[in-house]
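Throughout, protein chains are lettered first and strands after them, A, B, ... in sequence-line order, and every chain is numbered starting at 1.
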Amino acid sequence: MNIIVVGLSHKTATVEIREKVAFSPNQIEKPLRELVSLDEIVEGVIVSTCNRVEIYATTRDIAGGIARIKRFMAEYHHIPFGILESHLYSYHSETAIRHVFRVASSLDSMVVGEPQILGQIKTSYGYAAEYKSSGIILNRFLHKAFSVAKRVRTETKIASSAVSVAFAAVELAKKILGNLSDKTVMLIGAGEMCELAAKHFLNSGVRGVMVTNRTFERAERLAEEFDGEAVRFEELFQHLHRADIVLSSTGAPHVIIGPKDVEDVIKRRRFKPMFFIDIAVPRDIDPKVDDLENAYLFTVDNLQEIVQANLAQRNLEAEKAEEIISQEIGQFFKWLSSLEVTPTIVALRNHFDEIRKAELEKTLANWKDLPNDGEKRLEALTMAMMNKLLHTPTTVLKKAGQGGRVDLYVDGLRQLFELEAAPEETEELELEA
Amino acid sequence: MSQIFFYCTLVLYGCATALYLGYLLHTTQGMATWASRLVTTGFVTHSLSTIHRFNSAGYLPITNMHESLSFFSLVIVGTFLLFVRKYKIAILGSFTIPLALLMIIASSSFPSAIHELNPALKSGWLWVHTTMAFVSYATFTIAFGAAVIYLIQQHFLKKKKFGALFQKLPSLDTLDDINYRCLTIGFPLLTVAIISGAIWAEKAWGTYWSWDPKETWSLITWFIYAALLHGRMTTGWRGKRAALLSVAGFLIMLFTFIGVNLWLPGLHSYK
């Protein structure tokens with residue numbers, strides 16, 4: 001049995017193509033069922049995120065299976081095959097295993113190390129397990145992918161640093177203010193980045209958010225969204241001392257917060273430190289504020305620098321991650337190969353035994369003067385012959401199963417003796433939370 | 001026996017210092033883990049060495065430069081281990097364990113022979129007066145370490161330099177918290193040490209205060225930390241100002257402890 005992967009990602013397809021082939025999680029049952037009902041496909045898992053659509057499957061026939069899945073994707077989404085095919089990549093056996101391990105470990109992500117992808121694959125696998133489209137091999141395979149991803153996460157620093165500006169702002173605030181759970185954010189003005197940063201701060205557990213805007217209604221609306229408090233713009237300085245974190249992005253032509261203002265505010269706060277982020281162009285907060293003790297002012301450029309440095313760091317860590325994956329591939333491949341041995345041996349034995357029984361029956365039927373114990377003896381003789389004949393191939397096969405290069409033997413045997421695939425033992429693996 | 005443990009400690013602190021300094025430059029967590037193990041082992045051998053000396057000499061081994069420097073080193077490491085347990089900041093070791101190493105190296109350069117105890121020191125007050133002083137000195141040393149880290153980290157933040165070291169150093173808030181904690185422990189202890197010293201002086205020398213250099217400098221140290229504590233409690237001094245005062249306090253304390261003994265002869269000179 002072979003593992004194959006067919007799919008496309010942000011690296012091979014534009015968003016226009018990606019959204020056309022995306023599988024909606026609400027209706028994932030239908031394509032999963034259709035997928036595993038295909039002749040060439042035994043098990044299947046569909047992973048569909050905004051950056052990638054991939055199908056993991058097992059098949060006896062690598063080329064046929066890959067071609068069939070490609071056709072399936074085009075037909076299912078009613079896209080001309082020629083157009084879709086140019087965006088699709090496919091992997092099989094070892095390269096397929098490496099690919100999925102890399103994807104789960106977030107090495108193939110648009111932002112290397114981003115944490116969402118693992119959760120998305122887990123959810124996709126959850127559907128496949130629910131609708132029984134994944135079986136013994138894909139179950140084991142994906143659980144292995146999850147554990148590899150976990151190993152990468154704990155043994156490298158690939159995901160330990162912030163790589164978005166908003167998240168970098170949170171990390172930076174923590175470096176100054178420590179625990180954020182008793183801190184308050186003041187949002188001045190509106191702007192996508194500010195709101196995003198405010199959301200990140202809320203997720204990091206800040207105590208509350210104050211929002212101010214020249215248009216008070218706007219402030220109220222945002223405050224409601226953040227479950228915070230709206231402050232009139234004219235009253236900014238009456239409330240500023242309550243804020244530990246100030247995010248500012250107004251369209252004001254001049255600075256709205258000067259060093260003198262901050263000095264007063266900080267005195268009023270008994271010198272508790274304040275963290276300012278100025279996103280506005282032209283600036284809202286006078287750069288001299290940064291010269292004050294216990295006031296820390298950062299601009300988007302500063303945050304961008306952190307992000308760049310972290311990205312460089314991640315790429316270094318990614319190399320360590322690739323090493324971990326290489327180790328794990330070997331292990332998993334060994335298991336996959338050994339899986340084939342037992343059913344093949346059983347099938348071979350059954351095949352021999354059937355011939356033996358058929359021939360024995362024929363002989364006995366025509367043998368008139370057979371002695372009393374003749375049938376028993378013939379039975380023993382044929383059994384012994386069969387066992388002797390099978391002994392060497394069985395041992396060699398078992399040994400090869402431990403070594404990892406067993407697929408050649410298994411394939412050869414199956415073709416030479418036209419063996420049917422032995423029924424797969426079903427193994428239910430519990431889905432990780 | 002005491003000497004064997006003493007030199008074991010010296011080696012262990014030396015290796016731990018190397019690792020802690022290496023940890024500043026490299027991002028391997030393993031270094032910090034091993035440094036911490038070495039320092040803990042060193043603390044055990046150091047304690048054994050001190051206990052052994054206590055048993056054979058029959059008095060608390062803090063009566064000459066060799067003994068008191070070694071004892072100071074021991075208390076610094078002990079206090080450090082407690083703080084690391086609480087705050088989980090391995091990098092504090094990079095700034096305090098080298099000091100402990102310097103103390104024990106300095107200690108080893110003084111003659112280590114056990115002498116008959118100076119009759120003036122045969123008193124239960126020796127225990128109270130000196131251990132209080134040593135523990136307060138040790139907490140001020142930790143405060144110094146935290147203050148230095150604070151100043152470095154603040155420098156990074158103001159200059160917008162976000163390198164690997166910046167990532168490794170703890171938050172300003174934590175460092176300030178350590179500083180404050182040290183102050184609230186060390187200052188009362190120093191106060192007790194000075195008062196108990198005065199009472200003992202009255203008993204031994206007949207006067208509470210004789211403006212001996214050690215007494216004068218202790219008082220200066222006490223005033224610095226008193227000012228810092230006062231500033232913190234009334235006007236909310238913190239951050240850079242508190243860190244700078246901690247550094248100043250530490251330097252003066254160090255002079256009180258070592259400089260006075262070596263260069264300013266007086267009632268407290270027990271060499």
Would you say that more than 12 heavy atoms from the other residues, nucleotides or ligands in this model lie under 6.0 Å from the CG of A:N203, or not?
yes
Determine the minimum heavy-atom distance between A:G178 and B:S171, stating which atoms define it.
CA-OG, 3.4 Å
Between the side chain of A:R270 and the main-chain N/O of B:T234, is any donor-acceptor distance below 3.5 Å?
yes
By a 4.5 Å heavy-atom criterion (distance strictly below it), what part of A:K174 contacts chain B: side chain, backbone, both, or neither?
backbone
Below 4.5 Å, heavy atoms only, C-beta onward: do B:L172 and A:Y296 meet side chain to side chain?
yes
Please state whether the side chain, the backbone, both or neither of A:L292 comes within less than 4.5 Å of a heavy atom of chain B.
backbone
Hey, is NZ on A:K175 packed in by over 12 heavy atoms from elsewhere, all under 6.0 Å?
yes
Portion of A:E305 that has a non-hydrogen atom of chain B nearer than 4.5 angstrom:
side chain
Check each atom of B:L175 against the heavy atoms of chain A and say whether the ones under 4.5 Å are side chain, backbone, both or neither.
neither
For residues 256-268 of chain A, give me every residue with a non-hydrogen atom less than 4.5 Å from any non-hydrogen atom of chain B.
none
More than 12 heavy atoms of other residues, nucleotides or ligands under 6.0 Å from CE of B:M233: is that the case?
no
Here the pair of heavy atoms bringing B:Q167 nearest to A:N310 is NE2-OD1, 3.9 Å
Which members of residues 89-96 of chain B, sorted by number, sit under 4.5 angstrom from chain A on a heavy-atom basis?
none
Where does A:I176 contact chain B at under 4.5 Å (heavy atoms): side chain, backbone, both or neither?
both
Quick one: do A:D290 and B:K160 make a salt bridge, cutoff under 4.0 Å?
yes
A:N302 versus B:F162, closest heavy-atom pair with distance:
O-CE1, 4.0 Å
Does B:R241 qualify as a cation-pi partner of A:F271, given the criterion of NZ or CZ under 6.0 Å from the six-membered ring centre and within 45 degrees of its axis?
yes
Which residues in residues 237-246 of chain A have any heavy atom closer than 4.5 Å to a heavy atom of chain B?
none
Those residues of residues 130-158 of chain B that come under 4.5 Å of chain A on a heavy-atom basis, listed by number, are B:Y150, B:Q153, B:Q154, B:L157, B:K158
